[in-house]
Amino acid sequence: MSEMKEMILDAAGRMLKENISKDVVDLLERDDWARGIWALFEETGMFNVAISEKHGGAGGDLEDLLHIVRLTGKYAAPMPYAESTFANFLLEATNQAIVKNIATYSLKEGFHLQNDLISGSLHNVRWARHADYLVARVDSFQGTQIALIDLQKATIEHSNNLASEPRDTIILDKVKPISIAPLSEEQLFYTLSIETAFKIALMTGAIERIYEITVQYSKKREQFGRPIHRFQLVQQHLAQLAGETAIAITAFHNVCAAIQSKDFLHEIAFARIRIEDAITTITSVAHQIHAAIGMTHEYTLHQYTRRLWSWRDEGRNSPFWSNYIADYLLKHDVDLWAYLTKTIGKK
Amino acid sequence: MSEMKEMILDAAGRMLKENISKDVVDLLERDDWARGIWALFEETGMFNVAISEKHGGAGGDLEDLLHIVRLTGKYAAPMPYAESTFANFLLEATNQAIVKNIATYSLKEGFHLQNDLISGSLHNVRWARHADYLVARVDSFQGTQIALIDLQKATIEHSNNLASEPRDTIILDKVKPISIAPLSEEQLFYTLSIETAFKIALMTGAIERIYEITVQYSKKREQFGRPIHRFQLVQQHLAQLAGETAIAITAFHNVCAAIQSKDFLHEIAFARIRIEDAITTITSVAHQIHAAIGMTHEYTLHQYTRRLWSWRDEGRNSPFWSNYIADYLLKHDVDLWAYLTKTIGKK
Amino acid sequence: MFQLPTVQFTEEQEAFRLEVRNFLQAHITKGTFTPAIDSWLSGVDPSFSKLIGEKGWIGLTWPKKYGGQERSTLDRYILTEEFLAAGAPVAAHWFADRQTGPLLLRYGTEEQKQFFLPKIAKGECYFAIGLSEPNSGSDLASIRTKAEKVEGGWIVNGQKIWTSNAHVCHYMVALVRTSPYDEKKKHSGLSQLIIDLNAEGVTIVPIKFLSGEYHFNEVFFDNVFVPDNMVVGETGNGWEQGLAELAFERSGPERILSTYLLLEELIKELKHQKNKDGLKQATKLLAQLWALRNLSIGVAKLLESGNAEDVAIPASLVKAIGTKFEQSIPEIARLLVETYPNLEAKRKFDRYMAQAILHAPSFTIRGGTTEILYGMVAKGMVEK
Amino acid sequence: MFQLPTVQFTEEQEAFRLEVRNFLQAHITKGTFTPAIDSWLSGVDPSFSKLIGEKGWIGLTWPKKYGGQERSTLDRYILTEEFLAAGAPVAAHWFADRQTGPLLLRYGTEEQKQFFLPKIAKGECYFAIGLSEPNSGSDLASIRTKAEKVEGGWIVNGQKIWTSNAHVCHYMVALVRTSPYDEKKKHSGLSQLIIDLNAEGVTIVPIKFLSGEYHFNEVFFDNVFVPDNMVVGETGNGWEQGLAELAFERSGPERILSTYLLLEELIKELKHQKNKDGLKQATKLLAQLWALRNLSIGVAKLLESGNAEDVAIPASLVKAIGTKFEQSIPEIARLLVETYPNLEAKRKFDRYMAQAILHAPSFTIRGGTTEILYGMVAKGMVEK
């Protein structure tokens, strides 16, 4: 990362850290969200990162964007930043004009196109109730397309995930898209894997925060007259937490590096599979170290563990990518070591 | 168990404990075995347990026999007691005359019958080189049969399992069986499950012994100036060892009880699946507690862990029984809770 | 040390099991309750508790003269299993039935037994258990809530925390310090008092659970008067009495079945999807449940014959292994059946998944953490 | 604290990887060696070590003037990975290459460097590491082997145990006590000496491994004279020097790949059997390997830039998680492909399975137990 990029990230991190208290995260539980930070992000150009110049991009690449997304995960930012930026990513990937207002997206099957009009329903669409636009996959006998839809024309039923984040049902009845463009099979896999990278970024951020909270707690909390981090079994939990955190962060950085090198599908698959395992361990040991206090709403730990428990079942998850790799291994006569060291076919 | 039965078990346990030192177990590594204890077992009628009266049985039921088998597992007795008694069980189950000398058995596919003569080969047959007889499954277009074969007429190639126990290849070339009798599909599953019960008995015995050895060691060994059982992480290992040992022993006792009640196929399946998991944990924590000393040949721990690592892949193992249960669940419209509480079909 | 009895249920016991099951099924059909994960702790429904009391199903093993049925421990085991497997809302009367009743039968005065037990058995009188304090956590011996002797009783000052369902309970059995705290002899000078939660000076403050639910509380005592006849057992003997109480609660089916409903839905979904490979993987869960249940039933049978010493280790093991099993079910299930956990989902699988995930971390914390249990088990092992 | 660099290998590095791979494949085809599990510790073959030395592949990163190639840490990482993935018998020179070389480069005298390093690089001089003693185990500070100062050198008395491959080694770097043992300051007064294993008074007694193999020893010292010029670094500084040495050995690919051959055979068998569901389950192992490898390579890259302090925790984590991963491979593999583990089996899968099962318990013991690593990591975490 260049120095300029580090400045952007520093700025994003500071904005989030200074403005997102536990109460701000809790806004979601009153069906509100962090409009203030959204405005700050707009003012400081955070929505222009990794956008092409012709659409008003201010520089920055996908890696920078992923790092900002990671920071929104680290602070549980209650706003659709990842969703809006990924929606625009989808529009750019299909050569459509991007949007300025709040957008969300879906890559699941559920909408179909007939006579240029879209109908169907999609469940668990992130932040739909607060969004102006939806960028969604639409299927028809012509193949898969990506459409930009005005959510004023949609029926939206509210639903929430385990962390009270909006996950709504969107119903369309013969709605004309604002724009629409085809998506090839190859592009579909490309967008699915970038979507997965966004998720990995969010997860990594939340994991970093759980690590910080938990280490802090283990230093402050005393039992039997000693700080709990002095007990071997707590040390074991801490070491496991450190191990899984290191694995997750390293996996995320390697995903970023792989995206730069354009050869990343399998790396994203491995990262997603592994990070879901990390989530199981991390949420479990973090809660075990905290004991009862961690189960209370008043304490902040759950703002991160509940997100992880939801996010791991969003998008294309571990079973999907396991299936992808198993298919690949079955269909290709590859030497495993060459595959793992990325030297397939080289002698 | 009756008092008389307890006396038999006490006697068997004493004989094994007094006569089987580490050196006796090591006989196997010089291709020898515990002929002395075999003779003692013969003298004291240990081979007549659970044999019908018409064949000279001295009383005792399958549960008693399984307990003696458990004890031979507990002392790693290097002799084919389980094999000989199960071979006779197979003969009795198919109404054939039992044998007095050393016998072994196989229930795997590999032998076929043509013109009343048996040909084929079987791998990993337990103790074949030391046995006089083989009781084996034989397949032909008439179906599955159980044959008694004189091993003088067989070619035997030596091979050993991880614990140096004989696991030989037997090759038959048009051998006439001493006797032969059909085995129905139902009987086949019955014998497979009793065979599995024998394995569970052996495994439970070895697990009991590992538990004893390991607890003793944790009391004697000191590190950092304290007995190691005072360290929380060793306590965790000990507690896991205790848990898996309790699970295994209880599973074995419940298998015995189920066999008495004649409704046991699923219980044997569950017991085998669960005890294989217990073996993974028990061998791992026992070695971890012992550290380097446990990896030496001189110390006795490996005489039990190596057996468990071999036995768990003998007979019908966890994947086989998982498949059996999955099939059952797929094919029957059962309520899970009724299935688990054995109240299917009752209202 | 692991020679636990095996149990083959009798025909009478089976008939009782089916009676309970049919009763619960009928009430699910009627809509009396909606099955839920972890309902033994979080499913508070006083009207359902009264219904159960009317059936004679609270205090099942107690003497008839105190409102019990004098049934066997195994009958109670069966009853409890059926409540858990059906996800019935039995939390209101749970602690009174499981802990307070046996405690009073063993240590209580005749007056206390006659006054409390029949009310509990009717499902009309609920007890909270007052153990943890803000700075005690796993270190119960460091309890600071104190009772000072006055004419005719005691004046209690202090605070309890993580008190399950105190907000619907009538009384609390509280472990309090009746002699001054002595760093060297932390365990002595503790006593168990029955405190009327409607008494003057008692304040109950809800603690919101991470999911927004409400099942535990802080309870403050500000000069609360407790009359002498509300002391349970001997003054100063509270630690031993409390330990016996804890051992009793470790090995029940509620340490195995808190997420059973999810396992049942998992098997249903896999069967429905004809996913044989998923079923094969799920058999490990069934085998684990079978094995744990045998262990737990064995302990129950042994407890019936009064061998409380022999069961301390196996009972702790049931809790240590059982609660991890309960936690493992959602983790394994989500990899076998596609899901999006949601507390309001229409599909049971997704709803139970959400409930299980949010409640699971508590399983290895409440009633003695796994870490504490490991230490107790290991100490018992090397002392043998 | 977990900001490790990512590495994309260069074309030159890839070419080097392929060169090593082709060399090893050719020798497997020729029958020079039979690939085996855990061969970095148990595959002793001096003639193969000499072959490797001739290629310039021992001491790859060392200065040319000492027989090295001045190649990068990452080149050495690649080389080591290829040895491990091929199951090559590199145990004879392993410790000299991994530990003794770097130790001497950092702390050794010019004379020591000139004398030992070129011989090591040729694959003709092997070193044993003398740390553990019968009563020390994980508690290395309790070492009792002592060296007493005499004219021109030291007289060593005592005993080392679990010394890998001492029977084929020429020298041992032994941690010994050069000042009397002081209960209060266990860590001080320790020094590292190079002991000629052919010297008078040295007795090497084999310890049979549980499988009957032979790769560790007891080494007895009975008035063994060690000249002054065989002291490594400062007298009394042995503890610090030894710790640095240990940290260096924690994060290598040998903590991830000891059972790699079995994983490779597992995938082959599953592909052969067209067992897609088995492959799906096995992808977890591949993902774990991918993740650990990134961590391990990141540490290697950071070590290259000399940031030894920052890597202590990640390096320990690689070992703690990596060795458990190595152990998990046989446990998972046996459930996915039917097997009967046998050291003499014809089918590679069964043979590797047998080797892996018998060696696996060592992985989390040797070179610092997992328990010790957990304590070190936790301490490092709270100190930050």
Side-chain angles (χ1 to χ4, degrees), chain B residues 208 211 215 218-219 227 229-230 232 234-251 253-254 256-258 260-261 266-267 269-278 318-319 321-327 329-330 333-343 346-347, chain C residues 1-9 14-15 17-18 21-22 78 81-82 85-86 260 263-264 266-268 270-271 274-284 286-295 298 313-314 316-318 320-321 370-371 373-382 384:
Chain B
E208 286 178 44
Y211 178 86
V215 173
S218 79
K219 291 160 86 162
H229 71 74
R230 299 268 300 279
Q232 267 200 327
V234 175
Q235 293 183 339
Q236 172 182 259
H237 291 323
L238 287 172
Q240 285 172 336
L241 174 64
E244 297 300 289
T245 303
I247 288 273
I249 292 176
T250 310
H253 285 136
N254 276 276
C256 289
Q260 302 292 30
S261 79
H266 290 266
E267 313 231 10
F270 288 140
R272 174 81 191 220
I273 294 168
R274 185 59 184 82
I275 213 166
E276 285 188 22
D277 276 349
S318 171
W321 291 111
S322 284
N323 190 61
Y324 175 82
I325 294 173
D327 259 341
L329 291 175
L330 267 184
D333 182 25
V334 296
D335 172 74
L336 184 68
W337 186 242
Y339 169 67
L340 292 169
T341 54
K342 298 171 100 172
T343 47
K346 296 178 182 167
K347 280 282 173 190
Chain C
M1 71 191 288
F2 301 121
Q3 285 282 3
L4 297 174
T6 61
V7 172
Q8 308 281 318
F9 290 111
E14 264 191 16
R17 183 185 286 285
L18 294 170
R21 190 177 298 170
N22 291 334
I78 289 166
E81 273 197 322
E82 293 296 322
Y260 171 76
L263 177 59
E264 186 168 285
L266 171 66
I267 301 294
K268 270 190 206 160
L270 290 169
K271 277 169 62 99
K274 302 206 191 312
N275 181 349
K276 178 154 167 201
D277 205 88
L279 280 169
K280 276 162 73 176
Q281 293 183 54
T283 55
K284 284 219 175 199
L286 302 184
Q288 174 72 315
L289 173 52
W290 175 82
L292 280 165
R293 200 173 160 247
N294 289 334
L295 202 61
I313 291 182
S316 295
L317 291 172
V318 170
I321 309 175
T370 304
E371 291 76 14
L373 293 173
Y374 283 160
M376 290 176 34
V377 168
K379 283 194 190 95
M381 288 165 75
V382 296
K384 289 265 164 173

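Remember, predicted model here, so these are calculated numbers, not experimental data. Quick note: numbers below take in every heavy atom, side chains included, and nothing from hydrogens, waters or symmetry partners.
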Between CD of C:E82 and OG1 of B:T343, what distance do you get to the nearest 0.5 Å? 7.0 Å
Minimum-distance pair of heavy atoms, taken over all atoms of B:L238 and C:M381: O-CE, 3.2 Å
Does any backbone or side-chain atom of B:E267 lie under 4.5 Å from a heavy atom of chain C? Answer side chain, backbone, both or neither. both
Is any side-chain heavy atom of C:Y260 less than 4.5 Å from a side-chain heavy atom of B:L340? yes
Under 4.5 Å from any heavy atom of chain B, what part of C:L286 do you find: side chain, backbone, both or neither? both
For B:L330, does its backbone N or O pair with a side-chain atom of C:K276 as donor and acceptor, under 3.5 Å? no
Interchain contact, B:A271 with chain C, by part (heavy-atom threshold 4.5 Å): both
Which atoms of B:A258 come close to chain C, meaning under 4.5 Å heavy atom to heavy atom: side chain ones, backbone ones, both, or neither? backbone
Among C:K274, C:E14, C:R21, the residue with the most heavy-atom pairs under 4.5 Å to chain B is C:R21
Counting heavy-atom pairs under 4.5 Å to chain B, which of C:A378, C:A287, C:G298 comes out on top? C:A287
Sub-4.5 Å side-chain heavy-atom contact between C:L295 and B:I247: yes
Could you tell me whether the side chain of B:T250 reaches within less than 4.5 Å of the side chain of C:F2, counting heavy atoms only? no
Which of the residues C:N294, C:V377, C:L270, C:T370 is involved in the greatest number of heavy-atom pairs with chain B at under 4.5 angstrom? C:N294
Please state whether the side chain, the backbone, both or neither of C:A291 comes within less than 4.5 Å of a heavy atom of chain B. both
d(C:R17 CZ, B:T341 OG1) to nearest 0.5 Å is 5.0 Å
Sort B:L329 into side chain, backbone, both or neither according to what part of it lies under 4.5 angstrom from a heavy atom of chain C. both
Let me know if C:L317 has heavy atoms under 4.5 Å from chain B in its side chain, its backbone, both or neither. side chain
Can you say whether B:K219 sits under 4.5 Å from chain C via the side chain, the backbone, both, or neither, judging by heavy atoms? side chain
